Number of protein chains: 2
Amino acid sequence: MTQNLRLMVERLKAVSHPLRLRVLALLGSGELCVCQVAEVLQVPQSSVSEALRELRRAGFVNERKEGRWVFVSVVPQSEISPVLQGILAEAMALKEVHQDRDRVAKVKILGIPAVCCKAQKAAKAEAAHV
Amino acid sequence: MTQNLRLMVERLKAVSHPLRLRVLALLGSGELCVCQVAEVLQVPQSSVSEALRELRRAGFVNERKEGRWVFVSVVPQSEISPVLQGILAEAMALKEVHQDRDRVAKVKILGIPAVCCKAQKAAKAEAAHV
DNA sequence: TTAATGTTTCGATATTTTCCGATGTGACTA
DNA sequence: TAGTCACATCGGAAAATATCGAAACATTAA
């Protein structure tokens, strides 16, 4: 409360960006690993990584490493301001984000290896071309 | 509700800026004319004008012309999303904004002519220098 | 009309942000 | 030990934004 102006602006900037807001909204419905996010949003992995770096800097996102994977998630409600909670809720209601969430459901059913592991992914693509 | 992503980002960007957020917060406690804002924030008038243009574009601010003065104010609560209401409330609680509000009180007591009219302003400055 | 004044727009520059391929890093695996 | 993989960081060019004085515009007063 009554934090400073610069800090508040930095936090708002962190979510004032199409990709970053989409990523945040996506994580709003549960933890994902970085490659899942990149796959769902169809965006270069380095872009996702940079988006996550900003969201982490702003304190909105946590990470958990597991082997070579990095799982990211929104920090607990109690750790973010009511304002951000509102932004997150509104973002999750966007129609673009609903579409993303449908894709996430499919990706989760397949499991991480099928989505992220290059070899398996390539094999799948091959099969699709037959 | 369930507006589109681009629009939501544009609105967030509009307030993700130190001057624009300060101006918005200042107007949160009542209508002011442009020159009052410039005086209180000690910022070139053209900068204030540009900040207000963005806030108007985002739909956060209304204007009312009266002679050569332009009075600006935050749009009614019912016209802005709960998220912006939250942002406004949080901005108004910032310590920098409290200081601005103290200055606004003084400026309002003096009245617009004493603050804005160049001649009277110059005379006042002269007097201060003895 | 002419001068003065509040406001907006323009112009020009400086700074920041965005974007993505290439490269680097650390961890698993054959 | 190599090779593979997920992820982070770097490089650097293009685009967007910030900033503010100067000029333009609109209204009022002399």
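In this text, all values refer to a predicted model and were calculated from it rather than measured experimentally.
What separates CD of E63(B) from P of dT27(D) is a distance of 12 Å, to the nearest Å. Atom CH2 in W69(A) sits roughly 18 Å away from atom C1' in dT25(C) (whole-Å rounding). Rounded to an integer number of Å, the gap from R57(A) CZ to dT17(C) C1' is 12 Å. Remark: P of dC19(C) and CD of E54(A) are 12 Å apart, rounded to the nearest angstrom.
Contact annotation: R20(A) reaches the phosphate of dT18(C) (side-chain N/O to OP1 or OP2, under 4.0 Å). Under 4.0 angstrom from either OP1 or OP2 of dT17(C) there lies no side-chain N or O belonging to H17(A). For the OP1/OP2 pair of dT8(C) and a distance below 4.0 Å, the side-chain nitrogens and oxygens of R53(B) include no atom meeting the criterion. Phosphate contact (OP1/OP2 of dC20(C), side-chain N/O of S47(A), threshold under 4.0 Å): present. A close approach under 4.0 Å does not occur between any side-chain nitrogen or oxygen of Q45(A) and OP1 or OP2 of dC7(D).
Put simply, the side chain of E50(B) and the base of dC10(C) share a donor and an acceptor less than 3.5 Å apart.
Counting only heavy atoms from C-beta on, P44(B) has its side chain closest to dG21(D) among dA8(D), dG21(C), dG21(D). Closest contact between the side chain of R68(B) and the listed nucleotides dT9(C), dG6(C), dT17(C) involves dG6(C).
In terms of position on DNA chain C, the residue among R56(B) and V43(A) whose nearest nucleotide sits closer to the 5' end is R56(B).
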